[in-house]
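Hydrogens, waters and symmetry mates are skipped; everything else that's a heavy atom, side chains included, is used.
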Amino acid sequence: RLKFVNPAGKSFECIRSLQVTQTSTTQKFKTLDSALRTFKNGIAVSHSFRCADLDHEIPELMGITKPIVENVIFCHQEEANWPLSDSTNLKKKFDDIFAATGYTKALDAIKKHRKELTNTIKEIKHELDKKGTFRDNVIKLKTEMQQLEEKITKATNDLEYINEKISKDEIILTSKRELIN
């Protein structure tokens, strides 16, 4: 039996019935029944579970991870000196307890995503530079076009002025020829 209160303040009782049968050469270990009782307003409500389901439910209800249950709370006395074990086993236990592999995977995912975003930003900046150069060329060409249009307008005005002057001079020349004749 295991009685505990979860972080929300709700009381639970876990009950496991086990059977060990010893023959002359071997021992057979068998789980008969697993149940979880909850207490609502002083009334016990019992739920039957398979052993594996209960192993999964208990850490969740306690609000802790399974490695903490296995390596800290319900550590077998033969394994109780795991903090004094060699460094590789110790590191593995601490990684399990503190979920370091999940943290490492999350960091790797963040680094990968950051790298992708950095590459995307570089591509966008490169595209922006190309478009900025294109925009500068367009502005330069528009300015040149405006200057050329102004020159064309001036040249057209000058041409009209010259054509008018030529017309007047031809009229004067024609009248002087008639006077000479």
Between T153 and T156, does the side chain to side chain donor-acceptor pair (under 3.5 Å) criterion hold? Intermediate values first, please. CA-CA 5 Å; T153 305; T156 304; 6.0 Å; no

What about V5 and L2, same hydrophobic cluster or not, with Ile/Leu/Val/Met/Phe/Trp/Tyr joined at side-chain heavy-atom distances under 4.5 Å? no

What are the two closest non-hydrogen atoms of [X] and [Y], and how far apart are they?
{"X": "D86", "Y": "T88", "answer": "OD2-OG1, 2.7 Å"}
{"X": "L61", "Y": "P7", "answer": "O-CD, 3.6 Å"}
{"X": "T65", "Y": "P59", "answer": "C-CB, 4.1 Å"}
{"X": "A35", "Y": "S46", "answer": "CB-OG, 4.0 Å"}

Tell me, please, which residues at least two apart from F39 pass ring-ring contact (aromatic ring centres under 6.0 Å, His included).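 F39 satisfies ring-ring contact (aromatic ring centres under 6.0 Å, His included) with no residue once adjacent residues are dropped.
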
Hey, could you give me the [atom1]/[atom2] distance between [X] and [Y], rounded to the nearest 0.5 Å?
{"X": "N163", "Y": "K168", "atom1": "CG", "atom2": "NZ", "result": "12.5 Å"}
{"X": "K3", "Y": "R37", "atom1": "NZ", "atom2": "CZ", "result": "8.5 Å"}
{"X": "I152", "Y": "K154", "atom1": "CD1", "atom2": "NZ", "result": "13.5 Å"}
{"X": "R16", "Y": "L36", "atom1": "CZ", "atom2": "CG", "result": "10.5 Å"}
{"X": "I58", "Y": "F12", "atom1": "CD1", "atom2": "CZ", "result": "8.5 Å"}
{"X": "K30", "Y": "L18", "atom1": "NZ", "atom2": "CG", "result": "11.5 Å"}

Are there more than 12 heavy atoms of other residues, nucleotides or ligands under 6.0 Å from atom CZ of F29?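 Yes, because the 6.0 Å sphere around CZ of F29 holds more than 12 heavy atoms from other groups.
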
Please indicate whether E116 has more than 12 foreign heavy atoms, meaning atoms of other residues, nucleotides or ligands, lying under 6.0 Å from its CD.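 For E116, atom CD is crowded (more than 12 foreign heavy atoms under 6.0 Å).
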
Carefully, step by step, assess E144 and L141 under the rule side-chain contact (heavy atoms from CB on, under 4.5 Å). CA-CA 5 Å; E144 286 178 18; L141 289 174; 4.1 Å; yes

Side chain to side chain contact (heavy atoms under 4.5 Å, CB included) involving K130 - partner list, sequence neighbours excluded: H126, E127

Carboxylate-amine/guanidinium proximity below 4.0 Å for D95 and K91: yes

Tell me, do K151 and Q147 make a side-chain contact under 4.5 Å, heavy atoms counted?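 Side chain of K151 against side chain of Q147, heavy atoms only: no contact under 4.5 Å found.
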
